[in-house]
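Working notes, beginning with the structure itself.
First the proteins, then the strands, lettered A, B, ... as listed; each starts at 1. The structure presented is a predicted model; accordingly, all values stated were derived computationally and were not measured. What's counted below: heavy atoms across the whole structure, side chains too, no hydrogens, waters or symmetry copies.
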Amino acid sequence: MKVLIGLLLAYAGMVALCLAMNRHYRQVFGDFPGSRLQLGLRAAGTLVLLQSLAVSISQWGWTIGPTACFGLLTVAALLLVFLLPYVPRFVLLSGSAGLVAGLIGTVLLFTV
Amino acid sequence: MKNTFSQSMAWLHTWGGLLFGWMLFSIFLTGALSVFDREISYWMQPENGNSGASMAEAVNHAGDYLQATAPDSPGWLIVPPNDRNPGMTVYWQEGPESRHKALDPATGEEVPRRTDGGHFFVHYHFELNSGVIGRWIVGAVAMMMLVGLLTGIVIHKRIFKDFFTFRPQSGGQRSWLDAHNALGVLTLPFLLVITFSGLAIFAFMYIPSPVKLLYGGDSEAFFDEAIPHVHRQPTGEVSELLPLGGFAQRADSAFGNNPVWYLSVENPGDRNAVVIAGALNKDQLTLSSQQILFDGVTGKVLQKGIPLKPAAQIQRVLTGLHFAQFGGYAVHWLYFLSGLIGALMIASGLVLFIVKRRRQYVAENDVSAGFLHLAGRMNVAAVAGPVLGSLAFLWSNRLIPIAWSDRAGWEISAFFAVWLMSLVHAMLRPQLRAWIEQIAAAGGLCLLLPLLNLLTTDQHLLRTLPAGDWRLAGVDLTVLFMGGIFIYLALRLAARQPVPVKAIHADGPWEFADR
């Protein structure tokens, strides 16, 4: 379960970092992001990726966790790269859904 | 053409990548399959699933078998059943050769369906199944992979700008370059680690001079210092070995959550016999740092754990990162996927070589039309060939009669024979047709394999799925999934109209402008 949450967060974080770039923001929304939005997306993406790392560490510990986290980031980013040109709107949708599910999952993990 | 630094890097990347890529694809493919070597071994000897023997019983049977078969051998090794493969394998030294047999854990008799199982993929990926020479070749190829990665980083230049970029609508060279870059950049941590650690495992073989210089070539003295452990010489005095199952049990309870990986015996039958039990570490990167050494005759513990020095510890961690025995199935799947993605990155590079040059005027090309023709065909054989060969290996396991004496050898022959057929086919057919036909053939072999399994064994999907044996079902389901992808690919390629050569030339040279 933690693995899935880690993957969802990795994906959501990558989507945010991707949308922070002019070229890809335009692919999804048709125009360019404002500089404040861009900064926000970048910060959010970084934070969510760090959260994914934290989930990996809680699953596997300090040595295996970061190693496995690289694997999750790779799979998430490749999924994104090969979905983006074909279904740009779906990337936005799945990224948001992944973020919500990942956040709820993390909260449940550390409270229940 | 090689005036600047990045131009020479590009030249090295292009030519090293092409010539060594033909071999690298098969190494990455079989390396990825090696992640699941135990499950594949189980799938190739499904009869082992019914045994249900305890580990101590199984190890006792193994000890009896070795005592009867190789009493004078200087060393035995037993890999008992574990939660990933209920089968058992014994190895022993016979002169300069290492021999092995798969034993039924319940009876200790040889398993009739003789096969190398998933081990074949492991052996192919680090020594091309051909011993020391193969190991040297793989070392050279891996070195070139490292060079390819580093030169790739140098010539890419836009790693972060193009981090998420893939433009399939651009078509041709642009799309292939995007795909090659994305596959390479996003798996870069894995690719660097797996290539470097692969080389580090055999560092003492590839770079022997330090040991020669500092230890006068006495590699045993070096290893004794690097991995300090009790070492006993045989006395020549005959003494009976205690039952090995007892050692396995004691080690198992000492290792806690980590299962016993292997049990090895030095000087069996001698008064100085040593039994070594190693754990399979699931909770740390280091490969097997937990070891217990017993006196084989008295049962006394001689040594517990190995006090590794920092350098040896680092080498062990690198080895562990390569073997990927930690972290359970989630990590195994990540390694498997990353390995396949690495293979795809290599394949896309090979295709890119052709796509880039096919669209240029012949006179502007750095290669002759004849070489381009040959390279295109080599690509088909280098990519589709090992895929077809691996499938043939699995097919032959079910098709070769169990009674055949050298059936394990025939399975391996099937792998290489089908690969050779792929090469011949690629040479004879037009290039696009060769791709379509071989990918379709791989798709057919994939989709029909579970059916063949159903017809020839009783451990097929209709049984393994309800029973929840995911180790066996996983092999069938993965192959089915791959088959779906291959058929989709073949249909996509077949739907594409091959552009007549003349029309391409009328278009003029391919423009490099970045859109």
Shortest non-hydrogen separation from [X] to [Y] and the atoms involved:
X         : Y         : answer
Gly327(B) : Trp60(A)  : O-NE1, 3.0 Å
Val3(A)   : Ala330(B) : CG2-CB, 3.8 Å
Tyr86(A)  : Pro168(B) : OH-CB, 3.4 Å
Arg23(A)  : Arg158(B) : NH2-NH2, 3.2 Å
Ala68(A)  : Val331(B) : CB-CG2, 4.1 Å
Val81(A)  : Phe163(B) : CG2-O, 4.0 Å

Step through the shown structure and confirm whether more than 12 heavy atoms of other residues, nucleotides or ligands are within 6.0 Å of [atom1] on [X].
X         : atom1 : value
Phe110(A) : CZ    : yes
Asp31(A)  : CG    : yes
Trp176(B) : CH2   : no
Phe90(A)  : CZ    : no
Phe481(B) : CZ    : no

Given heavy-atom pairs under 4.5 angstrom as the criterion, report whether the side chain, backbone, both or neither of [X] touches chain A.
X         : value
Phe164(B) : both
Thr165(B) : both
Tyr329(B) : neither
Leu321(B) : side chain
Leu186(B) : both
Asp283(B) : backbone

- Item | Approximate separation, where rounding is to 0.5 Å, of Leu337(B) CG and Thr74(A) OG1 |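 One finds 10.5 Å between CG of Leu337(B) and OG1 of Thr74(A).
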- From Leu80(A) CG over to Phe166(B) CZ, what is the distance, rounded to the nearest 0.5 angstrom?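 Separation between the atoms: 12.5 Å.
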- Item | Options Leu7(A), Leu84(A), Leu72(A), Val75(A), ranked by heavy-atom pairs under 4.5 Å with chain B, top entry |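 With the most close heavy-atom pairs to chain B, the winner is Leu72(A).
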- Do Phe82(A) and Leu183(B) come within less than 4.5 Å of each other through their side chains, counting heavy atoms only? yes
- Engaged part of Thr67(A) at the chain B interface, taking heavy atoms whose separation is under 4.5 Å: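 Looking at Thr67(A), just its side chain touches chain B.
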